[in-house]
Amino acid sequence: APPRREEDEGGQGGASPEKVTLALPSSLSSLDVGRESGTLNYAVACLVQEGLLSVSPDGELGPGLAARWTQPDERTYVFTLRRGVTFSDGTPLTPDDVVASVEAIRDPKNTNALAYLYAHVTSVKVTGDLEVTVRLKKPDALFLWTVSPSGLLVSSRAFLKRHRGEVGTGKTLLLGTGAYRVTGFAADDHVLLERNDAWWGEKPGVRTLKLDFVPDAGTRLVAMKSGAVDGALGLASDEARGWESAAEVTYTEDRSVVALAFDTGKAPFDDPRVRRAVAHAADRAGMAEGILHGKAQVAAALPSPGMWGDLLPAEQVTAAYDRIALPAHDLAAARKELAASGHPDGFTAELHYPGSGPQLGKAALALAAELKKIGVTLKVEEITLEQWIAELGSGKFPLQFLWYFPTTGDPAELLDAYLHGEAEATNIARYDQAKVTGALQAATTETDSGKRGALLLEAVTEAAGDLPYLPLWWASTATALSGRLALGGGDGPFALTGPWAARLRSS
Amino acid sequence: MTRVRRSRRPGRLLTAACATVLALLALAACFGTALLPGWDRQDLALGAAMPDATHWLGTDALGRDIAQLLVAGARSTLAGAALVALGAMVLGNTLGLLAGYLGGRVDAVVHRLADLLLALPALLVTLVVAGIGGGGYALAVGVLVVLTSPGDIRLVRSAVREQRHLPYVEAAETLGLSRATVAVRHIWPNVLPVVVANTLLNFAGAVVSLSALSFLGLGVPPGAPDWGRLLADNRTLLYDNPSAALAPALLIVVAAVALNLLGDRLHEAFTDRGRS
Amino acid sequence: MSTPPPPVPLAPGVAARLGAALPPRYVARRLAGTAVLLLVLSAAVFALLQLAPGDPARTLLGARGATPEALAEVRARHHLDQPVLVQYGHWLGDLLRLDLGTSIRTGESVGSALGDRALLTCQLVGLGFATALLLGLPLGVLAAFRERRPTDRAVQGLGVVTLSTPAFASGLALIYVCALMLGWFPAYGAGEGGLDRLRHLVLPAVTLGLAVMAVLLKLTRAAVVRELARDHVTFARARGVGPRTVLFRYVLRGAAVPVTAGAALVLAYLLAGTVMVETVFALPGLGPLLVDSITFRDLPVVQAVALAVATLVCLANLAADLAQPLLDPRLRTPAPTPKAAR
Amino acid sequence: MAVSVPVPPLLAVEGLRLAATASGTPVPLLDGVSLTVGRGESVAIVGESGSGKSLTMRAAMGLLPDGVEVTGGTVRLDGTDLLTLPPRERAALRGHRMSLLLQDPFTMLHPQLTCGRQIADGLRPGFAAPGDGRARRAAVRAEVVRRLAEVGLDAAVADRHPHELSGGMRQRVATAAALAGDPDLLIADEPTTALDAANRRAVLDLLGELRARRGMGLVLVTHDLRAAFSAGDRVHVLYAGQILEQGPATRLHTVPGHPYTAALLAAEPSLTERYAELPALPGSVPPPGSRGPGCPFADRCPHTAGLCRTTPLLATPVPGAPQDPPHLTACLRAAELGPGLTPVRRTVVERGGEEEGDPEPAPEQAALHLRGLHRVFRSPAGDHTALHEVDLTVRRGQIVALAGESGSGKTTLARIAAGLESADRGTCVVGGVPLTAGRRPTTAERRRLASRVQIVFQDPYSSLNPLRDVGATLREALTATRGRLPRAEADAEVARLLDQVRLPASYARRRPAALSGGERQRVAVARALAARPELLICDEAVAALDVSVQAQLLSLLGQLRDSEGFAVLFITHDLAVVRQLADRAVVMHRGRVVEQGPAARVLDRPEHPWTRRMLDGHLTP
Ligand SMILES: Nc1ncnc2c1ncn2[C@@H]1O[C@H](COP(=O)(O)OP(=O)(O)OP(=O)(O)O)[C@@H](O)[C@H]1O
Ligand SMILES: Nc1ncnc2c1ncn2[C@@H]1O[C@H](COP(=O)(O)OP(=O)(O)OP(=O)(O)O)[C@@H](O)[C@H]1O
Ligand SMILES: [Mg+2]
Ligand SMILES: [Mg+2]
């Protein structure tokens, strides 16, 4: 007989179980999102720490540690902290802790991965009993996202000082004000979380939450089937299918986008016809259907519809996206475009993908197979994630994958990085088009969200015609939970950027 | 004394079975892709499908027919492993002959080196060197060649040292033949059968090691129909379409078992001949 | 016995015998040899940094924030602007002070990242080794005694199959059968201390042990077959030495020499196997750390793990070397060789 | 016969048949061997290699190797049929009823156990009271020391490991171990073959003494006729798995009842006389599986009649021989041949090796010229001087015998002369080619040396490359020394060489595995002759061969020397061979030449005590 789970129905019938164990598909090396900023890192850190603002599962900003905030001028934000918040070690939260947390991110010695978000911040100061004031060099429409959990997770000054440089390791763990506190962390093994009873929010149902790292897909599923875990987060879509027989699987759009980036300044992709030929050869619908098992959406542009959040009404976005006519899968058309291009006899290109994204590899292979038919040789190679990241900005490879997980719920995050003519470090297509850049530039200073949305949408549709990027799909992530558990409160794209576990309940 | 009468029949049958398996594999490796021109046909819309009449073992995520992939993959799987085994044989025999024959310092160095290489965990070293060096599959095969060779080095070296003072070798020397001639023409052919048997065993080991490398993400390039790669890629299908994952695993095991058994048998036959 | 026994010289004491069995010069030579070997291996490990493509300083900084200041700092700290030999010297110095650097990925000191993991891996390797010994040795002896009979063939067949099965495949199979179908053991994880740890390590250890068992089996079988064919075994039987004494004192004693030498080599296989086994069973040992660190080019960690493995291998070989003269007196005092006639 | 003998003999083997079964169809190895051993009696079994001596004894002990099975007959010990005993009971008999001593003292003892331990392991459990561990250990040790004393070794040997002892001492330890269980019967399978002359005598004497003292039965298996006749009360002659003759040693020696025995005796060289020719037996022992129904010796027998090949063997009393103990022969024609079998039909030519008249030749004129040759082998255990200022000259066309105990440096000297080893200092000129001391000769030097000196080694089984047929081996020798020859010419030359060593030309296509030991040695000689050397070194080239084959080879060497005119340096420790072959004898002891002179003089009037010791050690029937 399969082993009974260690505990069962922790006392009160129908209430939440005392202890829940979930499997994560890969290990964390650090709990500190400034060191390692994967989605799973956020999923853990957001249980423990909070930002000044919070994000609802659907991507709306709301009060977090700051109960209120005002913007006296374009470049100044004043946050008033919630009263009576304490860290899980019992010390009260003060504005100084917020300042210290930002300082820790900005300290160059810490080489914090989030530091770039604060590049244009002039000062962060305590300006009152519960008040923190932030001043910027220039207006930034996205700034509020910076102090949401995706850009700022607050810890205490004392803690940060005590453990400078080694926050988030198994010894030091994390300190925060969140719904849970970490009580144990062993890389490649587990993270252990206990309910923080002093949390200001609604009391979480689950007292103990254990997140086990189980890297092997087969083992992970056996763990679920044998009842050793109650569910899993972050399942890949091809894997998730296998889980459907053992658990409730929910797929949520995760805002991430996969696209092909053509270097518009380099042969052969400086030729728009070549780009179109490649686009015609790509069976994007097939990829979403076959490789991602229909659990992804064929992308029309870089920002997924969900990213537009409250900027623009959804219908308007959908309508605009529908009008974008990306080249359809059509080999004959591809041949024709290629024949008319400067490389009528085809060419050879390389496409590298990171080992952590096997679905990208499969897409690359699928593309290679199609391109072969029109006389283009595509060499597909798997490289390590680090190497892939290093290659991205190197300009050495004219054809690359763009694989991006936005941290904010704002399309500008993507557009500014990839379409803005002056964004040299990130604009891997080296796409520079005055009209697009102009629209984006105007959007940064535009404070009216409707107008801003319109400007951004204009940039998107304008750029689409030039095809610097071929958006492939918007992915989704799968969460599996045993039938006894449910994650209440909606499962929008931002479900894991917040105290998600607090919403775990018995079903 | 009552002794069990031992018939050699089952042993022969097994050997014949191994030889047949290997012959089939060799056939697949040589002509697999020619016989199945459509082995790499993709069908994204189909995706990973269950086995049916057209796709006996189902399809993989790219909609490629797994059965055809496996046949076509014999080449890449066996070629890599064969390269390791043959490379190790060439390297090992050369060094072994040199060391055993020249003796002195060369021997001491080669001997130490072989001992050191033998003590190293081959798979780990390959993982580290190929992983850090970034040379991919080719580097991995190269490293495996080097790390597989000490077996051959030891074998040949000790055989040469053992035989160097055998009368027939010394007689050849007194006839004025050069030392190299003696080593290559007289000593080496006598170890050759054991070397061949050993190479078969190395071959089997390499099939397993390379599949392990694929499992750890360091194997052949993506998309190649290599069995180890297929096994690693299709692992996630284990509970949907077990045959997609089990078939490559089974092929790896069967190939390695056949090679191992045949190698053992050859070894045995040779030592028998040496005894009588 | 009618005659009074003649005065009898007593057998020498244990200490003296051990001293004679392990001549200090031999021990010193082996220790020196091991030290040299470690030095060579450490140089090879150090060379990994040079092997990695690109600027070592950038490699050491990782993907993020390669500002000129940061680069300069890394160069200064690792003495990268000095000749390679000097760099190696500094590196070795740090090593001897047990300062293994800091992990690029986590910022943690490498030493503390290794600590618990090394323990777990050692436990796993130890259990795997025990499994391999417990299976491989008796089966090898059994096969040798039944040489070329069905029992032998069956045992050898078992060995060949385990040898031919990649550890990750047998691991998955064991998980499927023992954890899912039978529910005897947990499917993954390291458990918490003591018995729970043991329970969690059973399947991984068996997986690991099975893969290596075949090597020991082969070695043992060959050694025992060779021993059984030796004149001294026949002679012992012929003069009525009991079967148990023949087995343990004559056959196994003789086979022990090659088997111990080989057992040290087995350790290499075991260590290699842990990478896969630990990944499959989600054990936080050195294996996944190594794989991740390679993936992320976390060189200090890779170097540390490689060194740990190298040290383990060297120590195992040293142990095997030191065991040789204890087992084989011919290695203690080189014989006054009256060259044996055939 | 069992009716007439009231007390059963200690060991009675009756019609024992053995077959090799490993290949599926059984191949008969022993074909009805019968023999008896009484209490306190010493029985020798002689026969050429492969005749089945060891297997007979192993069958008696119940220790047959895998793949050999008993197919008929009985083995009784004190009347108990051993073959029907369950294995466990049979094992219980070993050690204290019967024990076996093997041939090779170098492999018989466990290298990792002390000698005392190995002797103690065979002691019977009942000899000491099962007291506490300490007392018991002391008792065991006392007993071991007593046993060592019995074989003439002192107590310290108990704590030694075998590799620390000399061959003779090892054989004594092994004897003590074999006798630890106080057996009634000791079977010694070639206990002296691996020892040199002096040790051989001593070990045989020891065995005889122990037998007498303990009153046990002793079976001595050997292919050395001298050992058999000197140590056995009765002798059985085994040939191709069958007993051809048996009887009292003295009778067999003087009036053999079977042509085979007679031929063996005739082939044996003598220490005192040199014969014009050693009458050699043609051919070799038929291998198992190719033996006809009749007398297995028929093919080699000079007296074969038609019936011999078809009539199964039957032991019959030799006509006119006293029948207690019986003298039986399996020869059908024993009666008609009668005294015609007496072996003393050899013509004594001379005492052997006359004084050379000429003065010492110049170094370049001699086949081999050594002066002050010195060689030290260095090892961690200490240095060993293998050659100590050796002076030696071999004239052209002369046969010089080099004799000496084991380890005296004979092989080292030979290898230096052949260019396979280097001297540390001293002069070595081979056929006019000087060799530099201190380094091994270069390939060019060896090439020059090849036509001056060639060497034939002791072990026939490894002297030929097993993968090459005889023709290829000889052709290679021809090409190496005379350059490439046209194929036809080479083949003709190969045929000529084979003819020179009295082998048919068809042997060119045979692999070494298909040759007998003697034939292999002949091929080795032919290979040496291919180089037309001035000096042929034979390093114990006949020591591993049976007497009959040895005789063939000795005659061949003498004849070839006469026809080809090369000199021979013949290394041996059998002084009878020296007498038979050599012009001049050189005796070495511990790396020094202690005596040299004309062979007859050295053998008849030895001057050095060591030469005398060697002569004393020589076994005489
Ligand atoms: N295990 C075996 N299997 C098959 N044949 C064997 C085996 N052992 C010995 N023989 C054969 O049996 C025959 C007799 O062998 P045995 O060892 O008794 O000869 P021997 O008279 O003792 O010779 P030697 O003087 O060389 O020791 C030989 O032809 C040999 O090839
Ligand atoms: N290569 C070697 N290394 C060390 N010692 C050696 C070597 N060759 C011979 N010896 C030693 O030199 C001594 C003389 O050996 P050699 O073989 O010349 O004796 P031998 O007279 O031929 O003896 P045997 O009658 O046993 O053949 C022996 O003590 C031997 O142990
Ligand atoms: Mg024998
Ligand atoms: Mg010698």
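Keep in mind that what you see is a predicted model, and the values were worked out from it rather than measured. Sequence lines set the chain letters: A, B, ... in the order given, protein chains first and strands last, and positions in each chain run from 1.
- Both the backbone and the side chain of D:A174 come within less than 4.5 Å of a heavy atom in chain C.
- When heavy atoms are compared at a cutoff of 4.5 Å, C:T234 approaches chain D by way of both its backbone and its side chain.
- Figure legend: C:R237 and C:F235 shown without cation-pi pairing, the cationic atom not lying both under 6.0 angstrom from the six-membered ring centre and within 45 degrees of its axis.
- For a heavy-atom cut-off of 4.5 Å, chain C lies close to D:A177, D:A178 in residues 177-190 of chain D.
- Counting only N and O atoms by type, the side chains of D:T572 and D:E540 include no donor and acceptor under 3.5 Å apart.
- Ranked by heavy-atom pairs under 4.5 Å with chain D, the list C:A256, C:A238, C:G240 is led by C:A238.
- By the neighbour-count criterion of 12 heavy atoms within 6.0 Å, atom CZ of D:R213 is densely surrounded, having more than that number from other residues, nucleotides or ligands.
- Judged by the 6.0 Å distance and 45° axis criteria, D:R375 is positioned over the aromatic ring of D:F377.
- Heavy-atom pairs under 4.5 Å with chain C peak, among D:A92, D:P111, D:P162, D:A91, at D:P111.
- D:R58 touches chain C through its side chain: at least one heavy atom from C-beta onward sits under 4.5 Å away, while N, CA, C and O do not.
- A 6.0 Å sphere centred on OH of C:Y269 holds no more than 12 heavy atoms belonging to other residues, nucleotides or ligands.
- With a threshold of 4.5 angstrom between heavy atoms, D:M61 approaches chain C through side-chain atoms but not through N, CA, C or O.
- Side-chain contact of D:T412 with D:E421: a donor-acceptor pair under 3.5 Å is absent, judged by distance alone.
- Counted within 6.0 Å of CZ on C:R253, heavy atoms from surrounding residues, nucleotides or ligands total more than 12; the atom is thus considered enclosed.
- Taking chain C as the reference chain and counting heavy-atom pairs below 4.5 Å, the highest number among D:L113, D:L101, D:L100, D:D121 is found for D:D121.
- At a threshold of 4.0 Å, the pair D:R214-D:E150 counts as salt-bridged, since one of the basic side-chain nitrogens sits closer than that to a carboxylate oxygen.
- With sequence neighbours left out, C:Y250 forms a ring-ring contact (aromatic ring centres under 6.0 Å, His included) with D:H110.
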